[in-house]
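The shown structure was predicted, so the numbers you read here are calculated from the model rather than taken from an experiment. The first residue of the sequence shown is numbered 1, and numbering continues consecutively from there.
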Amino acid sequence: MKKKLILDVDTGVDDAQGIMLALADPNVEILGITCCHGNTPLENVLKNTLRVLKVCNRLDIPVYRGCSVPLLAQKKTAGDYHGKDGLGDVPDPDAPGLELLQKRNAVKAMIKMVKENPGEVTLVATAPLTNLAVAVQLEPSLPEKLKALYIMGGNMESRGNTTVCGEFNFVADPEAAYIVLDRYTCPTYIATWEFSCRNSLPWSFCDKWLDQNTEKAAFMKKISSLSMKKAQSADYQKEITEGKGFNSCDTYAVAAAIDDNLIIESDVVAVTVELEGTHTRGMMVLDYMELLKKKHKAIVMKKVDLKSFKKKLMKSVE
């Protein structure tokens with residue numbers, strides 16, 4: 001039976017890479033894609049998602065409009081790392097129009113899809129967690145109906161990429177991240193910032209990956225060009241832990257959701273999110289001492305089978 005996924009995205013370049021990786025897997029059924037504010041304003045996220053589906057000839061997959069602002073936090077975007085439009089500032093005059101969006105709100109759609117497939121849906125969240133937080137408040141039983149939750153977000157060593165101690169997705173909506181880590185008691189897997197840095201893709205592989213002679217590879221090369229140039233800069237390489245390549249952050253969470261064997265090292269630990277502090281707001285807290293007395297623990301990824309991961313990426317643009 002195919003794995004049933006819902007992708008919750010803020011489509012920038014790495015979300016696009018994750019979506020394409022999931023679309024290329026014959027054992028995966030994407031029930032729908034829910035969109036959230038994040039890398040770029042929501043209108044761009046919606047357009048970008050449809051652009052990715054078009055190049056993959058999969059506009060049959062329903063796309064839903066979700067939350068455009070955080071629960072309480074000041075609205076924040078990821079600057080122009082992925083370009084002002086989130087997809088490398090290479091506009092497509094033939095991009096699909098927003099009339100293709102589903103009428104149902106993303107949060108209500110998420111709840112409906114999970115209820116219709118109890119115990120079968122894996123939810124993959126690669127955006128700020130606003131949609132998920134609203135969903136569990138509207139439907140408190142939602143987590144127990146999920147098969148699993150995979151998150152790209154947070155950090156395990158207080159190394160930030162947006163604030164001193166905070167990763168972007170959690171910093172963009174700390175309250176939402178807190179609610180999700182507190183109330184989603186289904187099996188929860190987290191791909192943190194430092195994890196993705198330490199499992200980055202060598203530049204020699206990126207050349208091979210994006211130089212394939214296909215329409216999908218040409219699209220991916222075009223939208224990735226800007227962020228890859230920034231990633232190769234000396235300043236950026238200093239920022240990341242062992243930065244000797246490209247960090248396709250969101251794709252790790254998607255790949256792990258598809259293939260249970262992809263993560264070869266992880267920690268099982270209770271986690272929460274710091275909501276106070278000038279420098280620590282939005283930081284993920286790992287309770288190795290078990291002082292929080294939380295029954296639910298998350299699986300925090302530490303090492304990926306890079307060879308298998310590369311194979312999935314190659315296949316995603318064939």
Side-chain angles (χ1 to χ4, degrees), residues 7 9 11-28 39 48 51-52 55-56 78 81-83 86-90 124 126 150 152-153 159 161 167-168 189-266 301-318:
L7 305 181
V9 301
T11 304
V13 170
D14 52 345
D15 300 80
Q17 290 164 349
I19 293 168
M20 290 176 74
L21 188 144
L23 290 172
D25 196 305
N27 298 314
V28 167
N39 279 319
N48 295 348
R51 282 181 66 186
V52 174
V55 78
C56 296
Y81 179 75
H82 294 289
L87 278 193
D89 292 332
V90 282
V124 187
T126 60
Y150 285 76
M152 191 282 135
R159 294 171 186 250
N161 64 3
E167 177 276 333
F168 173 75
Y189 301 79
I190 304 175
T192 66
W193 167 242
E194 298 100 329
F195 157 78
S196 62
C197 291
R198 288 176 179 157
N199 291 273
S200 59
L201 299 164
W203 294 115
S204 57
F205 167 77
C206 292
D207 292 339
K208 182 181 175 184
W209 171 35
L210 300 180
D211 283 342
Q212 294 182 80
N213 188 25
T214 67
E215 184 183 355
K216 291 178 188 176
F219 171 76
M220 186 53 67
K221 187 171 187 176
K222 184 168 62 174
I223 66 169
S224 303
S225 176
L226 179 65
S227 51
M228 285 194 171
K229 282 178 184 173
K230 290 183 178 179
Q232 286 174 311
S233 72
D235 287 345
Y236 182 79
Q237 291 295 339
K238 287 176 188 173
E239 282 179 28
I240 64 178
T241 321
E242 295 173 9
K244 296 177 182 176
F246 182 68
N247 180 358
S248 184
C249 303
D250 295 338
T251 317
Y252 297 92
V254 179
I258 292 169
D259 184 353
D260 299 333
N261 298 315
L262 198 73
I263 304 305
I264 55 179
E265 188 179 336
S266 59
M301 304 176 199
K302 293 183 76 175
K303 192 173 183 181
V304 71
D305 178 348
L306 204 57
K307 185 177 179 180
S308 296
F309 183 54
K310 288 176 184 177
K311 285 182 180 177
K312 290 183 182 297
L313 287 169
M314 291 294 288
K315 187 174 176 57
S316 72
V317 296
E318 286 180 355

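Taking OG of Ser308 as the reference point, atom CG of Asn261 lies at 8.5 Å (rounded to 0.5 Å). Summarising the geometry, atom CD1 belonging to Ile264 is positioned 5.5 Å from atom CG belonging to Asp305; distances are rounded to the nearest 0.5 Å. Distance check, rounded to the nearest 0.5 Å: CD of Gln232 to NZ of Lys229 gives 9.5 Å. In this structure, the separation between CE on Met220 and CD on Gln212 is 11.5 Å, given to the nearest 0.5 Å. Taking CD of Glu265 as the start and NZ of Lys303 as the end, the distance is 6.5 Å to the nearest 0.5 Å. The NZ atom of Lys221 sits 11.0 Å away from the SG atom of Cys206 when rounded to the nearest 0.5 Å.
When all heavy atoms of Asn39 and Phe168 are compared, the closest pair comes out as N-CE2, 4.0 Å. Nearest heavy-atom pair, Ser248 versus Leu201, reported as atom, atom and distance to 0.1 Å: CB-CD1, 4.3 Å. Shown here for Ala22 and Ile258, the closest heavy-atom pair between the two residues is CA-CD1, 3.7 Å. For the pair Pro26 and Lys315, the tightest heavy-atom approach, listed with the atom from each and the gap, is CD-CE, 4.3 Å. Trp193 approaches Cys249 most closely through the heavy-atom pair CZ3-SG, 3.7 Å. Closest approach of Leu313 to Trp209, counting heavy atoms only: O-NE1, 3.0 Å.
In terms of modelled atom types and a separation under 3.5 Å, the side chain of Asn48 and the main chain of Thr11 share a donor-acceptor contact. Under the 3.5 Å distance criterion, the side-chain polar atoms of Thr214 are matched with a main-chain donor or acceptor of Val317. Within the 3.5 Å criterion, the main-chain N or O of Ser224 finds a donor-acceptor partner in the side chain of Ser227.
With sequence neighbours excluded, the residues forming a ring pair (Phe, Tyr, Trp, His ring centres under 6.0 Å) with Tyr189 are Tyr150, listed by chain and number. For Ser266, the side chain to side chain contact (heavy atoms under 4.5 Å, CB included) partners are Ile263, Ile299, not counting sequence neighbours. Taking the side-chain hydrogen bond (donor to acceptor under 3.5 Å, both in side chains) definition, one finds that Ser316 meets it with nothing, sequence neighbours left out. Taking the side chain to side chain contact (heavy atoms under 4.5 Å, CB included) definition, one finds that Leu226 meets it with Asp89, Lys230, sequence neighbours left out. Taking the salt bridge (Lys or Arg N to Asp or Glu O under 4.0 Å) definition, one finds that Asp207 meets it with nothing, sequence neighbours left out. Annotation: salt bridge (Lys or Arg N to Asp or Glu O under 4.0 Å) contacts of Lys216 (sequence neighbours excluded): none.
Thr251 places a side-chain heavy atom less than 4.5 Å from the side chain of Phe309. Looking at heavy atoms from C-beta onward, Lys208 lies out of side-chain contact with Pro202 at the 4.5 angstrom threshold. Using a 4.5 Å heavy-atom cutoff, the side chains of Val304 and Phe195 are in contact. Side-chain atoms of Phe205 and Leu306, non-hydrogen and from C-beta on, never get closer than 4.5 Å to each other. Side-chain contact between Asp14 and Thr126 is absent, with no heavy atoms from C-beta onward closer than 4.5 Å.
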Open item on the list: Using side chain to side chain contact (heavy atoms under 4.5 Å, CB included), reason through Met301 and Thr192 one step at a time and then give a plain yes or no.
Closed with: CA-CA 7 Å; Met301 304 176 199; Thr192 66; over 6 Å; no

- [ ] Check step by step if side chain to side chain contact (heavy atoms under 4.5 Å, CB included) holds for Leu262 and Lys312.
- [x] CA-CA 10 Å; Leu262 198 73; Lys312 290 183 182 297; 4.3 Å; yes

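Around atom CD of Glu215, no more than 12 heavy atoms belonging to other residues, nucleotides or ligands sit under 6.0 Å away.
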